[in-house]
Student: 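Sharing a structure with you now.
Being a predicted model, the structure only gives us computed values, none of them experimental.
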Amino acid sequence: MSDSGGPTGDDDIGLPKATVFKLIQEMLPEDIACSKEAKDIIVDCCVEWVKLISTQSNTVCDESSKKTISPEHVVEALKQLGFEDYIAEVEESNKDFKQSQKERTRTQPDTNGMTQDELLALQERLFASSQARFEAGQ
């Protein structure tokens, strides 16, 4: 993480403030307010947290002669940085993500061997279904 200020400088790194602000509001009791300055500091802390974990995960990845950071590298980075208290939640979140990915792939229709007309009909049904779900949610 270079401080050179070049094209990969810290100005290019950030989190969506609106999303972080919403998380802050959801976590606070209703009778507690948080100033914009405090929210901005929390966003900055979140960015630094992500940088710290990413850098250490990258180091663990390099040490294991891999080119892609895996969840195991992140867990090891958390251990090395002394954040063992977060590991169970990280592993549970990863498990939930993997399960959602499995379910997502199962819901994909099998299009092998379908004619162009069948594919177009399927596409129209999927669009109609999606639009119905969207309209029901409004």
Student: Ignoring hydrogens and geometry, is there a side-chain-to-backbone donor-acceptor pair from T59 to T55 under 3.5 Å?
Tutor: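 Pair found, side chain donor or acceptor close to backbone of T55.
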Student: Can you tell me how far the CD atom of E124 sits from the CG atom of L119, to the nearest 0.5 Å?
Tutor: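 The CG atom of L119 is 12.0 Å from CD of E124, to the nearest 0.5 Å.
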Student: Are V90 and L81 connected, step by step, through hydrophobic side chains (Ile, Leu, Val, Met, Phe, Trp, Tyr) whose heavy atoms are closer than 4.5 Å?
Tutor: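 Yes, because V90 and L81 connect within a single hydrophobic cluster, where side-chain heavy atoms sit under 4.5 Å apart.
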Student: How many angstroms lie between atom CD1 of I41 and atom NZ of K39, to the nearest 0.5 angstrom?
Tutor: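 Result: 13.0 Å between the selected atoms.
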Student: Output, in order, the C-alpha distance, side-chain angles, deciding distance and verdict of side-chain contact (heavy atoms from CB on, under 4.5 Å) for L78 and E84.
Tutor: CA-CA 6 Å; L78 289 169; E84 292 88 359; over 6 Å; no
Student: Ignoring hydrogens and angles, tell me if any N or O in the side chain of S130 forms a donor-acceptor pair with the backbone of L126 under 3.5 Å.
Tutor: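 No, S130 side chain to L126 backbone: no donor-acceptor pair under 3.5 Å.
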Student: Are D62 and K67 within salt-bridge range, i.e. N to O under 4.0 Å?
Tutor: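 No salt bridge links D62 with K67.
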Student: For the residue pair C34 and L28, what are the closest heavy atoms and their distance?
Tutor: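 For C34 versus L28, the nearest heavy atoms are CB-CD1, 3.6 Å.
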Student: Test E48 against K51 for side-chain contact (heavy atoms from CB on, under 4.5 Å), laying out the working first.
Tutor: CA-CA 5 Å; E48 290 305 315; K51 286 181 190 178; 3.2 Å; yes
Student: Report, as yes or no, whether the 6.0 Å neighbourhood of atom CD on E26 holds more than 12 heavy atoms from other residues, nucleotides or ligands.
Tutor: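 Enclosed.
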Student: Pairing donors with acceptors under 3.5 angstrom, does anything connect the side chains of S129 and R133?
Tutor: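 Side-chain D/A pair, S129 to R133: present.
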Student: For residues C61 and S64, report the shortest heavy-atom separation together with the two atoms involved.
Tutor: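 Minimum heavy-atom separation between C61 and S64: O-OG, 2.9 Å.
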Student: If you round to the nearest 0.5 Å, how far is CE of M27 from NZ of K22?
Tutor: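 Atom-to-atom, K22:NZ and M27:CE are 13.5 Å apart.
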Student: Given the rule that I, L, V, M, F, W and Y join up when any side-chain heavy atoms are under 4.5 Å apart, are I87 and F97 in one cluster?
Tutor: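 No, because I87 and F97 fall into different hydrophobic clusters, even though each may have its own neighbours under 4.5 Å.
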Student: Would you indicate whether the side-chain heavy atoms of Q131 and F127 approach each other to under 4.5 Å?
Tutor: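 No, their side chains stay 4.5 Å or more apart.
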Student: Do any pairs count as a ring pair (Phe, Tyr, Trp, His ring centres under 6.0 Å) and have a residue in residues 17-59, sequence neighbours left out, and if so which ones?
Tutor: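 Every pair satisfying ring pair (Phe, Tyr, Trp, His ring centres under 6.0 Å) with a residue in residues 17-59: W49-F83, W49-Y86.
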Student: Can you measure from CD1 (I53) to NE2 (H73) and round to the nearest 0.5 angstrom?
Tutor: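 Separation between the atoms: 14.5 Å.
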Student: Would you give the length of the straight line joining atom CD1 of I32 to atom CD of Q25, rounded to the nearest 0.5 angstrom?
Tutor: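 With rounding to 0.5 Å, CD1 (I32) is 11.0 Å from CD (Q25).
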Student: Just do the side-chain contact (heavy atoms from CB on, under 4.5 Å) check on L122 and E118 with the steps written out, would you?
Tutor: CA-CA 6 Å; L122 174 62; E118 291 171 327; over 6 Å; no
Student: With a 3.5 Å distance limit and no angle check, can you tell me whether S54 reaches the backbone of V50 through a side-chain donor-acceptor pair?
Tutor: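 Pair found, side chain donor or acceptor close to backbone of V50.
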Student: Could you tell me the separation between the NZ atom of K17 and the NZ atom of K36, rounded to the nearest 0.5 Å?
Tutor: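 Answer rounded to 0.5 Å: 4.5 Å.
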Student: Determine whether E76 and E72 satisfy the following criterion, side-chain contact (heavy atoms from CB on, under 4.5 Å), listing intermediate values before the conclusion.
Tutor: CA-CA 6 Å; E76 181 59 30; E72 293 77 20; over 6 Å; no
